[in-house]
Amino acid sequence: MKQTKMPILPVEAYTSQEWFDMEQKYIFGETWQFAGLIEDIRDPGDYITVQCGFTNLLVVKGRDQRLRAFHNMCRHRGTQLLRAVGKKQKAITCPYHDWTYNLSGELTSIPEKESQFPNLDMKKFCLHRGAVETWRGMIFVHPKPKPEPLMKWLAGVPEHLGPHEPETLVEYEETGTEETIKANWKIVAENYIDVYHLAHLHSATLNMYDHKSQISSFVGPHYLFWEPLTETYFNQLDKLIPYKRIPGMTDDIIGAYVPLLFPNLGLSETESSWSVFHIIPIGPAETKVVTRSKIVEMSNWDYMKNSARSGSAWTSLMGSGTKYEGGDPETDPMASGNFFAEDVFACEQQQKSLKSPLFSVGATAIELEASVRKFQEIVRDFLEEKKGGEK
Amino acid sequence: MSGGFHSLEVIGKDFPIKEASTIRMAIPPELKSVFRFSPGQHLPFRFFLAGEELRRTYSIVNSPDKEYLEVTVKRVKGGRISNHINDNLQVGHKVEVMPPQGRFFIRTASDNYKSYFLFGAGSGITPLYSMLQTILRDEPYSNVTLLYGNRDKSQILFLKQLEALVEEHGKRLKVIHSLSEPRSTWSMSWTWKYRTGMIDNHAVTWFIHNHPPVSQQTGYYICGPGGMNKSVAETLLELGVPKEMIHFESFGGGGEVTLDFEPVADAQLEAVMGRNPVQVSIPKGWTVLRALKEAGNPPPYSCESGVCGSCVGKVVAGKAKMKNCMALEESEVEAGYVLACQSLPASPSLKIEFESA
C-alpha cells in the first residue's frame, strides 16, 4: 500500500480563516450538499433553507409535488427571503419591500411598479435557480442550476450501500442529535473514516462489530466502508438487537455500512437502524454535527420491551460499556459509554494541539489510516482543480 | 419498396382483448437500420381496400431491442382499416409499412435517474407501453407511474402484461387504472382496485398529489383523445409543471367527431403543388385530401386522422373547416394552415398551397 508522505494538507488548512473561506467557495459551493430528509418538505408550499458555501438556497415544493431550489435572495437588493423552514407558503414575499415571487420562482408582483420601476421587465428578475434532487429518502441541493446529475456524482456508491429503504423507515424525534465540536470539519470527517481507532477509542462501545474484517475503499471522492457483526453479536442477535432488523438485511450482508459522501455527509446503515451524520463547517475550529436516525416502525410498547431486553443482555453478553472505568458518565466522555461522545472528545483533543509550534504528524498506519491520507489528498486535489491555478 | 413503403411479413397475431389485435411483423435483417425507432414512435401503413388506397398510422408497442415490430389495433366502430386488420389480416400476409416516425418519443440511457409520469386512455396506451417497457429495461434507477383510463375492465389493453411488469419491477412501476363506466361484478375474487371516472382535471390533480416523484428529473407523457390531452396538459401546467416537461400525442379518432357545420357541395378546389395547380370539384362531405386522391394528385399524406401533419397546406383563398387538427398549433390555424385530410370546404371556391412534394 502506497504510503504518501505527510503532511498532505498544511496545518493552516485546519486552523486558518483563509483556508476555511477557500473551502467554502471551492468545495461547499461547488458540490451537492445534504439538505434534509424528503419528509421535511411534505406539502406544496413547504420549504427549507440550506447554506452551501457562501450561498443560501431555499427548497420549496410546488403543487405538482416537485421540489425546486432557488437562491434565497431577493433580486431587488439581495435581502434573504425566507428564514429556516416554513409551511404552506402560497408565494415567496420579501420582507423588505414586499416583492413577491411564485413557487416557480417567477417575479409576480412589485409594489408601485408603474411609478417606481416603469421599465422593469419582471421576466428578467426570476429567482436564481439552484438544483435539487432526492435520493434514498434524502434531499440534496447544488448552487448551480444544471450541475452534474447527483447520480453521476455518486456513481459507484449506491451498489455498495445497505438494503435499507429509508423512505419506509420511521424517524423518532428524540433520536436526532446536534452537537458543536471545537474542531475543524476535516478533523471530524477524518475521525469518521479512521479505521484504526475503532478497536481502541471505541473498544467498549463499538465492540459488536468485527473491525478486523472491515472492507473499505474510495469510489471517486466518496469513501465506502462495511464491517460485519462480531460472532457473539451475530449468534445472539435476537437477544441483543436494539431495534427491529432491517428488512432485506440477510445473513450474508448483515453488518454496518458507514460511507462518507464527499465532502461532508456520513451515512450509518446498520443491522437495525439508518442514520445520517451531517458535518457542517462553522469556523476553522468549529463544526456542527447534526445526526438523524430512522428505524423500522415500532409501537411504544415494542420499543420499551426491546430496549429493556437488549440493554440487560448487552452488559452480560458483550462486556463493559465504557472506555475508561470509574469516571463520571455525566462529565467524562470516556466514561459515557457513548461512541459519539468518545469521537467528539478525540477530535477536540486533536484540534487543541494544532497551534503548538511542535505539532506534526509523526506517522500514519499503513492500512488502517490510509483513508485519512486519501481524504486529505482528495481535498487538496479538489481545491487545486477548482481554483485552477490561482494563488 | 414503393413510395417509401416496405413490404413486411406478419409473423404473429393475437387478441389482447376481444376487440383488438396485436400484429407482429418481422424486420428483415437488411432493413434493421431503416426500422430503428425510439419508444413512442409510430409506423405509417398503407392498405388497398376495394381499390382505394388508405393510410393509417399505428404506434409501435414493443421495445426497440426486438427483431420485430408490433402494433396493437383496436376496432373502431365503422372504421374500415381497423376492422380489416382485426378480421382479415393473418400470419403470412404482407403489409406495407413506412419507416418509424413521430415527435413523441423518449431516449433512454442506463445512468438516467428519472421519474416518468404517463397518462393514457384506450389505445393511447400503445406508445406509452413501448416507453415503459424500454425504461424498465434500460434505466435501473428510474421509475414509472401510469394513469390508464378505459371505459371498463374488458377494454383494458395489456392488463395482464402490466400486472406482470409490476410484479417483476416492484416499486419501479405503478399502474393506476381509471374506469369511466365500470361494470359491477358478482365475483368474490374481485380485489382489483381502480379509480372510477374519466381522466379529467380532478383525476390528474389527485394522481399528481398522491404520487410525488422519486427523482426530481421528471417527464410527463400523455396519449389519448385530443380532449383528454388538452385537459391533462392544462392541469399539469396549472399545477406548475414546466411546459418543456410535458409531451403529448393525440389519438383523436376522425370517425368519432361529429360535424357541426354543413360543408359546401361541389366546391371548386385549386390545389397548388409544385409546378401545375390541380383543379378538382369536391363532392359533398368529401375532404380536400379525398378529392385530391381521387384525382390522382394527393399532397404528401400519412395517417388520414389529423395527427401526423404530413398533409398540411395553407389556404390562400376561400375557407376550409377542419374536423380535428391536433397536428397544428393554434397560431398555425390562425395563419390559415389546414390539414387536407380533415378539411371540408366552407366556401364555394377554395385555393390551398401545399409544399412541393
Side-chain angles (χ1 to χ4, degrees), chain A residues 32 35 38-46 59-69 89-91 101-106 108 126 129-142 145-159 161 163 165-168 247-248, chain B residues 107-119 135 138-147 169-172 174 176 201-222 231-248:
Chain A
W32 285 96
I38 56 180
E39 50 271 28
D40 295 349
I41 317 182
R42 206 191 57 174
D43 297 319
D46 290 358
V59 184
V60 64
K61 180 177 268 202
R63 287 169 53 234
D64 56 358
Q65 294 289 325
R66 285 173 50 244
L67 297 178
R68 301 117 158 87
Q89 301 289 301
K90 290 258 159 52
Y101 305 82
N102 65 17
L103 299 184
S104 296
E106 295 162 333
T108 56
C126 301
R129 286 175 191 283
V132 57
E133 185 56 278
T134 44
W135 168 70
R136 208 169 173 75
M138 297 177 279
I139 306 170
F140 291 85
V141 295
H142 196 294
K146 283 199 192 329
E148 177 190 38
L150 181 68
M151 283 299 105
K152 281 210 168 58
W153 167 243
L154 294 175
V157 170
E159 14 322 7
L161 298 178
E165 282 174 30
E167 306 91 311
T168 64
Chain B
R107 289 245 159 83
T108 55
S110 63
D111 55 4
N112 268 358
Y113 173 55
K114 292 180 72 163
S115 283
Y116 294 85
F117 291 91
L118 310 181
F119 302 81
I135 293 162
D138 289 353
E139 299 187 358
Y141 298 122
S142 297
N143 75 299
V144 178
T145 316
L146 165 67
L147 179 59
H169 296 280
K171 293 199 168 158
R172 295 213 296 129
K174 181 121 203 236
I176 313 278
N201 173 281
H202 184 73
V204 173
T205 306
W206 168 88
F207 177 69
I208 293 295
H209 186 78
N210 286 288
H211 300 92
V214 172
S215 157
Q216 299 304 316
Q217 305 305 305
T218 53
Y220 304 78
Y221 296 83
I222 314 167
S231 165
V232 174
E234 277 172 359
T235 308
L236 292 175
L237 284 169
E238 203 252 325
L239 290 172
V241 176
K243 200 157 138 231
E244 315 77 79
M245 292 182 176
I246 306 175
H247 313 271
F248 55 87

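Numbers restart at 1 for each chain; the letters A, B, ... are given by sequence-line order, proteins then strands. Below, all heavy atoms of this structure are taken into account, side chains as well, without hydrogens, waters or symmetry copies.
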If you measure from the Lys or Arg side-chain nitrogens to the Asp or Glu carboxylate oxygens, is any gap between A/Asp43 and A/Lys61 under 4.0 Å? no

Answer with side chain, backbone, both or neither: which region of B/Ser215 has an atom nearer than 4.5 Å to a non-hydrogen atom of chain A? both

Any donor-acceptor pair under 3.5 Å linking the side-chain atoms of B/Asn201 with those of B/Thr235? yes

Mutual orientation of the aromatic rings belonging to B/His247 and B/Tyr221 [parallel < 30°, tilted 30-60°, perpendicular > 60°]: parallel

Check each atom of A/Thr134 against the heavy atoms of chain B and say whether the ones under 4.5 Å are side chain, backbone, both or neither. both

Between B/Gln216, B/Gln217, B/His211, which shows the greatest number of heavy-atom pairs under 4.5 Å with chain A? B/Gln216

Region of B/Tyr220 that comes under 4.5 Å of a non-hydrogen atom in chain A: side chain

Is it the side chain or the backbone of B/Val214 that comes within 4.5 Å of chain A heavy atoms, both, or neither? backbone

Side chain from CB out, backbone as N, CA, C, O: work out which of these in A/Glu167 comes under 4.5 Å of a heavy atom of chain B, or both, or neither. neither

With no hydrogens and no angle check, is any side-chain donor or acceptor of B/Glu139 less than 3.5 Å from a backbone partner on B/Ala109? yes

Tell me whether A/Arg63 contacts the main-chain N or O of A/Gly45 through its side chain, where contact means a donor paired with an acceptor under 3.5 Å. no

